There are 2 protein chains.
Amino acid sequence: MAHSSDIALSFSAPRKGRATRRGARATAAEPPSLRDLPLFATVDDATLARLSLDAKVETYEDGAVIFRQGDQVAAIVILLHGFVKVLRIASCGDETLIGIRADGETVGEPPMDANEHYRVSAEAIGPTSVLKIPAARFARLMKESQSLCAAVVKDSKDKIAALVGEIESLKAQNADQRLAHFILSLCPPGEEQCRFRLPYDKRLIAARLGVKQETLSRAFAKLREHGVRTETRDVLVESVSRLAEQCEQLGRPARLPSERADDPDREDAA
Amino acid sequence: MAHSSDIALSFSAPRKGRATRRGARATAAEPPSLRDLPLFATVDDATLARLSLDAKVETYEDGAVIFRQGDQVAAIVILLHGFVKVLRIASCGDETLIGIRADGETVGEPPMDANEHYRVSAEAIGPTSVLKIPAARFARLMKESQSLCAAVVKDSKDKIAALVGEIESLKAQNADQRLAHFILSLCPPGEEQCRFRLPYDKRLIAARLGVKQETLSRAFAKLREHGVRTETRDVLVESVSRLAEQCEQLGRPARLPSERADDPDREDAA
DNA sequence: CGCCGACTTGAGCAATCTCAATCATGGTGG
DNA sequence: CCACCATGATTGAGATTGCTCAAGTCGGCG
């Protein structure tokens with residue numbers, strides 16, 4: 001399933017114009033420019049060079065398993081292109097989606113020594129390419145390079161912040177609110193009206209938000225009243241700021257008992 | 001709905017007789033032996049000594065705010081004794097419990113530089129004592145000591161694992177199952193039958209499990225059929241292994257259609 | 001003794017899930 | 001070009017879970 005290739009990252013880091021530039025070799029001095037990856041942005045040159053020595057690019061097809069919960073950690077995995085499902089598998093077989101990683105993010109935890117086990121599984125969503133650096137080497141370098149270690153701390157803190165946000169939304173928001181926040185997170189900043197395509201299918205979005213597909217569909221339907229038009233996979237947000245305001249509103253049981261002096265029932269302000 | 005209150009856990013932490021041990025001095029040479037704290041167990045002596053210089057102990061009463069979301073990070077906080085609520089406050093004022101920290105755990109994230117802001121609030125549950133080391137010094141030492149940096153990475157990884165588990169249970173388990181798991185986590189390992197006292201009041205347990213108090217109460221009632229007796233705050237688990245087995249069972253819709261030929265009440269089959 | 005806060009319990013309601021049917025869409029083969 | 005299927009998405013109806021509101025119990029403390 002895994003199509004290894006210690007060369008040829010034909011498309012590695014397409015977000016920037018550079019990166020691939022004339023066949024960036026994997027094991028070569030500069031794989032897909034490690035420096036461009038957020039994790040390595042602040043790492044010292046010497047360490048980066050050494051990391052590059054063992055870095056290799058792998059590509060996966062849709063649905064391919066990148067690593068499996070319980071397996072020994074073989075490498076640190078950094079997503080170059082595509083999306084990756086991170087999920088947790090219970091003893092009874094239930095799979096729970098923990099998160100979805102996008103370009104530049106690390107998948108799973110950076111290994112501190114060569115004897116850890118993955119605590120989650122990772123699976124490609126659509127064709128993806130990842131950068132892998134063997135766990136043993138990475139762990140060794142982390143012991144030697146303060147800047148690498150600090151980078152890992154930073155990465156972990158970001159992850160913790162994201163997970164905390166996730167817990168907050170699961171505990172404190174209903175499906176409609178979670179969807180609204182999700183959509184807002186997809187809107188390019190600074191634009192009042194925007195149109196874009198959902199990054200993955202609705203089944204996945206539902207899992208990401210922690211609801212069933214049908215519930216997501218109904219949530220989309222409800223947001224239609226708040227200026228969110230959808231056509232299969234394309235979304236048009238008529239007013240980002242209005243949607244943001246109405247996020248809290250979506251929480252109450254339809255209408256709030258206080259100060260309802262003048263609104264018998266308020267569908268929308270027309 | 002803020003509700004910070006002084007919930008008067010008059011009995012808060014009766015498990016140990018000692019608390020602030022006759023005014024443990026702050027800036028003294030050896031606060032409560034940093035070496036004993038999990039975070040510092042593997043830190044080199046020199047760094048530990050330097051950390052000790054600025055470490056000080058502080059005590060809080062029930063309900064006291066230890067730090068507030070949004071404030072600038074002043075220190076790393078390590079819980080010495082008691083329990084601490086970690087919560088997140090939304091713009092609308094909603095407080096969401098993220099977790100509860102116990103002895104030896106860090107509260108909030110270790111600061112990497114002196115200019116961060118807390119992303120959560122922390123509040124004492126019952127009388128607590130914490131160790132504080134100023135953020136600036138801690139951050140500086142983290143840059144200088146590889147072992148300290150590694151310790152922080154380890155701490156973060158543990159936190160991530162805990163948060164991932166939390167998300168898994170919120171997404172994949174119902175209230176009964178979450179309570180069962182919670183109770184199991186309180187059982188001393190290796191004992192088939194056990195009796196203990198809940199670490200904090202049921203309101204907090206409910207928040208921790210992400211349900212309302214009433215729902216928790218009903219969940220306790222349901223577990224009674226599975227060998228979990230409760231008396232206000234004391235719990236008796238008749239069979240730990242049995243409870244563990246029945247965790248999954250608690251998920252299904254009461255009874256599963258398969259292999260249920262002898263179903264006692266079957267009136268709705270008309 | 002009586003209040004207060006924590007806990008429990010009941011009844012109705014809201015959100016979400018489940019099951020099932022329908023509909024759109026894209027690809028395939030005839 | 002169209003019938004046909006597979007998959008994803010939508011929609012409806014009913015069951016279930018958990019929430020809200022409200023009353024009532026229990027235990028400690030002033």
Side-chain angles (χ1 to χ4, degrees), chain A residues 62-63 94 96 125-126 169-180 197-207 209-224 228-235 249-258, chain B residues 1 3-12 14 62-63 94 96 125-126 169-180 197-207 209-224 228-235 250-257 267-270:
Chain A
D62 181 57
D94 284 0
T96 306
I125 301 171
S169 73
L170 286 171
K171 277 188 168 179
Q173 294 170 199
N174 64 22
D176 300 335
Q177 291 173 299
R178 296 207 291 275
L179 175 58
R197 172 161 279 245
L198 294 173
Y200 23 76
D201 69 50
K202 289 188 177 166
R203 202 178 291 272
L204 259 174
I205 294 176
L209 300 179
V211 298
K212 292 294 158 188
Q213 202 182 186
E214 299 93 323
T215 302
L216 176 68
S217 190
R218 293 183 236 266
F220 265 116
K222 189 171 300 180
L223 287 192
R224 218 160 285 143
V228 179
R229 317 276 143 187
T230 56
E231 263 173 43
T232 9
R233 198 138 163 189
D234 293 299
V235 178
Q249 190 65 358
L250 287 166
R252 316 329 152 107
R255 52 177 108 3
L256 60 174
S258 63
Chain B
M1 275 297 144
H3 207 245
S4 61
S5 71
D6 40 355
I7 306 178
L9 293 223
S10 39
F11 33 100
S12 69
D62 181 60
D94 283 359
T96 306
I125 302 171
S169 74
L170 286 171
K171 277 188 169 180
Q173 295 171 199
N174 64 22
D176 300 335
Q177 291 173 300
R178 296 207 290 274
L179 175 58
R197 173 161 276 247
L198 294 172
Y200 24 75
D201 70 50
K202 290 189 176 166
R203 203 179 290 273
L204 259 174
I205 295 175
L209 299 179
V211 298
K212 293 293 155 181
Q213 202 182 189
E214 299 94 320
T215 302
L216 176 68
S217 190
R218 292 183 237 267
F220 265 117
K222 189 170 301 182
L223 287 192
R224 217 162 285 143
V228 180
R229 317 276 142 186
T230 57
E231 264 172 43
T232 23
R233 199 140 163 188
D234 293 299
V235 178
L250 287 166
R252 317 322 156 114
R255 58 180 131 308
L256 59 174
E267 56 235 6
D268 53 353

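None of the values given here were measured: they were computed from a predicted structure. Residue numbers begin at 1 in each chain, while the letters A, B, ... track the order of the sequences.
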Lys212(A) NZ to dA9(D) P, straight-line distance once rounded to whole Å | 15 Å
Nearest-angstrom distance from the residue atom CG of Leu223(B) to P of dT8(C) = 12 Å
Polar atom pairs (N or O), protein with nucleotides 24-28 of chain C, under 3.5 Å:
none

For Leu209(A) and Leu170(A), the nearest pair of non-hydrogen atoms, with its separation, is O-CD2, 4.1 Å
Looking at dG18(D), dT16(C), dT8(C), which one has an atom nearest to any side-chain atom of Thr215(B)?
-> dG18(D)
Is any side-chain heavy atom of Leu223(B) less than 4.5 Å from a side-chain heavy atom of Leu250(B)?
-> yes
Atom CZ of Arg233(B) and atom P of dC26(D) are separated, to the nearest Å, by 20 Å
What are the atom names and distances for every N/O pair under 3.5 Å that joins the protein to nucleotides 12-15 of chain D?
residue, atom, partner, partner atom, Å
dG12(D), N7, Arg218(A), NH1, 2.9
dG12(D), O6, Arg218(A), NH2, 3.0
dA13(D), N6, Arg218(A), NH2, 3.3

Integer-rounded Å distance: dT16(D) C1' and Gln173(B) CD | 18 Å
Quick one: list whatever passes side chain to side chain donor-acceptor pair (under 3.5 Å) with Asp234(B), sequence neighbours left out.
-> Arg197(B)
In whole angstroms, how far is the C1' atom of dA9(D) from the OH atom of Tyr200(A)?
-> 18 Å
Tell me which nucleotide among dC7(C), dA9(D), dT17(D) gets nearest to the side chain of Asp201(A).
-> dA9(D)
Looking only at side-chain atoms of Val211(A), point me to the closest of dT20(D), dC17(C), dA15(C).
-> dC17(C)
Only counting residues at least two apart or in another chain, list the ones meeting side chain to side chain donor-acceptor pair (under 3.5 Å) with Lys222(B).
-> Asp176(B)
Over how many whole Å does the gap from Arg224(A) atom CZ to dT10(D) atom C1' extend?
-> 9 Å
Considering residues at least two apart in sequence or located in another chain, which fulfil the salt bridge (charged side-chain N to carboxylate O under 4.0 Å, His left out) criterion with Arg203(A)?
-> none
Calculate the interatomic distance between Phe220(B) atom CZ and dG18(D) atom C1'; express it in whole Å.
-> 17 Å
Return the set of residues passing side chain to side chain donor-acceptor pair (under 3.5 Å) with Arg233(A) (not counting sequence neighbours), or none when no residue passes.
-> none
Who passes side chain to side chain contact (heavy atoms under 4.5 Å, CB included) against Ala207(B), sequence neighbours left out?
-> Leu97(B)
Other residues, nucleotides, ligands: >12 heavy atoms within 6.0 Å of Lys212(A) NZ = no
Of the candidates dT10(D), dC17(C), dG18(D), the side chain of Ser217(A) sits closest to dT10(D)
Check salt bridge (charged side-chain N to carboxylate O under 4.0 Å, His left out) between Arg224(A) and all other residues, then give those that pass, not counting sequence neighbours.
-> none
In terms of side-chain heavy atoms of Arg203(B), which of dA9(D), dT10(D), dA6(C) is nearest?
-> dA6(C)
Between Gln213(A) and Gly210(B), name the one whose nearest nucleotide on DNA chain D is closer to the 5' end.
-> Gln213(A)
Nearest-Å distance, CG (Leu209(B)) to P (dT17(D))?
-> 17 Å
Residues passing the side chain to side chain contact (heavy atoms under 4.5 Å, CB included) test with Ala172(A), sequence neighbours excluded, are Thr96(B)
In terms of the nearest nucleotide of DNA chain C, which residue is placed more toward the 5' end: Ala221(B) or Asp176(A)?
-> Ala221(B)
